[in-house]
Every structure is written in C-alpha cells, then in structure tokens.
Protein chains: 2
Amino acid sequence: MKIGVKILPREEVLDSSGRTVTKTLQSNSFKVSDCRVGKYLEIEVDAKNEAEAKEQVQKMAEFVLYNPLTENYQLEVL
Amino acid sequence: MKIGVKILPREEVLDSSGRTVTKTLQSNSFKVSDCRVGKYLEIEVDAKNEAEAKEQVQKMAEFVLYNPLTENYQLEVL
C-alpha cells in the first residue's frame, strides 16, 4: 500500500525557500501571493489495510521523517 | 486559490535520499519496501477558478519549479 507524506514548515517558521520561490515567481509576472516549500515522500508499506498502513507511516513520520519543532505533516492514501 | 505541487524523482533516476530513508526505516523494523523522496509546494495563486489556477501553476512548474530531466510533478487543488 502506498502512502504519501506531505511535510511543510510550520506557519510560524520563516520559510526562506518559500519566500525565494514567491519572489522569483512574482518578479516573472506570476500572480502568486504565497508559497511554502517542503518535502514529499511516497512510502510503500506492507500492511493489511489502509488504517494499518496509515498507522505505520504515522509512526515512521514521528520516528524520523519530520521535525515536530519546525514542521507539520499530512498523510494520504494513494 | 491554493494549489499543491508534488515533485518526485523520475522512476529511472537513482533516488539516493529515498534509498537512505528506506534502509533507515527497514533497519528499525518498519515494513517498508520502497520510498521516494521529493519536494512539496503549496502555492497561493490569484485566479478566477480552479482551471485557471491549475493552468497558472502548471506554467510556474514548467518555468522554474521542477527539472523535467530528472523529476515528475503532479498538481492538486486544495
């Protein structure tokens, strides 16, 4: 089962990559008001059902994939 | 309107971060068979409707956000 993990910097954290992308796009006439830049992972897990797969990936995320001080994450079944 | 952009290395490209994450998880008893690591962006665009927003972000992606030689991307309306 494949699970997607979206990781973004928290709202209160300065996202310098995001600001750079926003400014680059704006200075090239794109109508962008904000952009946040983070990580995306697709993980193939061995699980019986969606719930078990999500639970496993949640454990992985909390174990090593994201930094709770500076980031938030979201899971999705693919 | 907010659009999410998922960027992952192409299948035929060696994804060294993904391999490292896979091995780290496996050596900590997680049942993972594969993991790909990429980027995730959330872009707030000024557009009248979903179709226009997606079209704009597609132009941005092709202009500067991803590298077509090594990466694939996917858009989603949030």
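In what follows, every chain begins at residue 1, and chains take the letters A, B, ... in the order their sequences are listed. Bear in mind that the values here come from a model prediction, so they are computed numbers and not experimental data.
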(request) Identify which part of B:I3 has an atom lying under 4.5 Å from any heavy atom of chain A, answering side chain, backbone, both or neither. (result)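 For B:I3, there is no contact with chain A at all, as no heavy atom is under 4.5 Å.
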
(message) Counting only non-hydrogen atoms closer than 4.5 Å, does B:V64 touch chain A with its backbone (N, CA, C, O), its side chain (CB onward), both, or neither?
(response)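 Answer is side chain: those atoms of B:V64 sit under 4.5 Å from chain A.
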
I'd like a table of all donor-acceptor pairs linking chain A to chain B (distance under 3.5 Å, no angle check), giving the atom names and the distance to one decimal.
{"residue": "A:K6", "atom": "NZ", "partner": "B:E76", "partner atom": "OE2", "Å": "2.5"}
{"residue": "A:K31", "atom": "O", "partner": "B:D46", "partner atom": "N", "Å": "3.0"}
{"residue": "A:S33", "atom": "N", "partner": "B:E44", "partner atom": "O", "Å": "2.9"}
{"residue": "A:S33", "atom": "OG", "partner": "B:E44", "partner atom": "O", "Å": "3.4"}
{"residue": "A:D34", "atom": "O", "partner": "B:E44", "partner atom": "N", "Å": "2.8"}
{"residue": "A:R36", "atom": "N", "partner": "B:E42", "partner atom": "O", "Å": "2.9"}
{"residue": "A:R36", "atom": "O", "partner": "B:E42", "partner atom": "N", "Å": "3.0"}
{"residue": "A:G38", "atom": "N", "partner": "B:Y40", "partner atom": "O", "Å": "2.6"}
{"residue": "A:G38", "atom": "O", "partner": "B:Y40", "partner atom": "N", "Å": "3.0"}
{"residue": "A:Y40", "atom": "N", "partner": "B:G38", "partner atom": "O", "Å": "3.0"}
{"residue": "A:Y40", "atom": "O", "partner": "B:G38", "partner atom": "N", "Å": "2.6"}
{"residue": "A:E42", "atom": "N", "partner": "B:R36", "partner atom": "O", "Å": "3.0"}
{"residue": "A:E42", "atom": "O", "partner": "B:R36", "partner atom": "N", "Å": "2.9"}
{"residue": "A:E44", "atom": "N", "partner": "B:D34", "partner atom": "O", "Å": "2.8"}
{"residue": "A:E44", "atom": "O", "partner": "B:S33", "partner atom": "N", "Å": "2.9"}
{"residue": "A:E44", "atom": "O", "partner": "B:S33", "partner atom": "OG", "Å": "3.4"}
{"residue": "A:D46", "atom": "N", "partner": "B:K31", "partner atom": "O", "Å": "3.0"}
{"residue": "A:E76", "atom": "OE2", "partner": "B:K6", "partner atom": "NZ", "Å": "2.5"}

(message) For A:I43, which atoms come within 4.5 Å of any heavy atom of chain B: side chain, backbone, both, or neither?
(response)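 When you check distances to chain B, atoms from both the backbone and side chain of A:I43 fall under 4.5 Å.
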
(request) Below 4.5 Å from any heavy atom of chain B, which atoms of A:V21 appear? Answer side chain, backbone, both or neither. (result)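 Looking at A:V21, just its side chain touches chain B.
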
Consider only side-chain heavy atoms of I, L, V, M, F, W and Y, link residues closer than 4.5 Å, and tell whether [X] and [Y] are in one cluster.
X     : Y     : value
A:V5  : B:L41 : no
B:V37 : A:L75 : yes
B:L25 : B:L8  : no
A:V77 : B:F30 : yes

(message) I need the minimum non-hydrogen distance between B:P9 and B:G38, along with the two atoms involved.
(response)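 The answer is CD-CA, 4.3 Å.
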
(request) Flag the one option from B:C35, B:G4, B:G18 with the top tally of heavy-atom pairs under 4.5 Å to chain A. (result)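 Heavy-atom pair counts peak at B:C35.
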
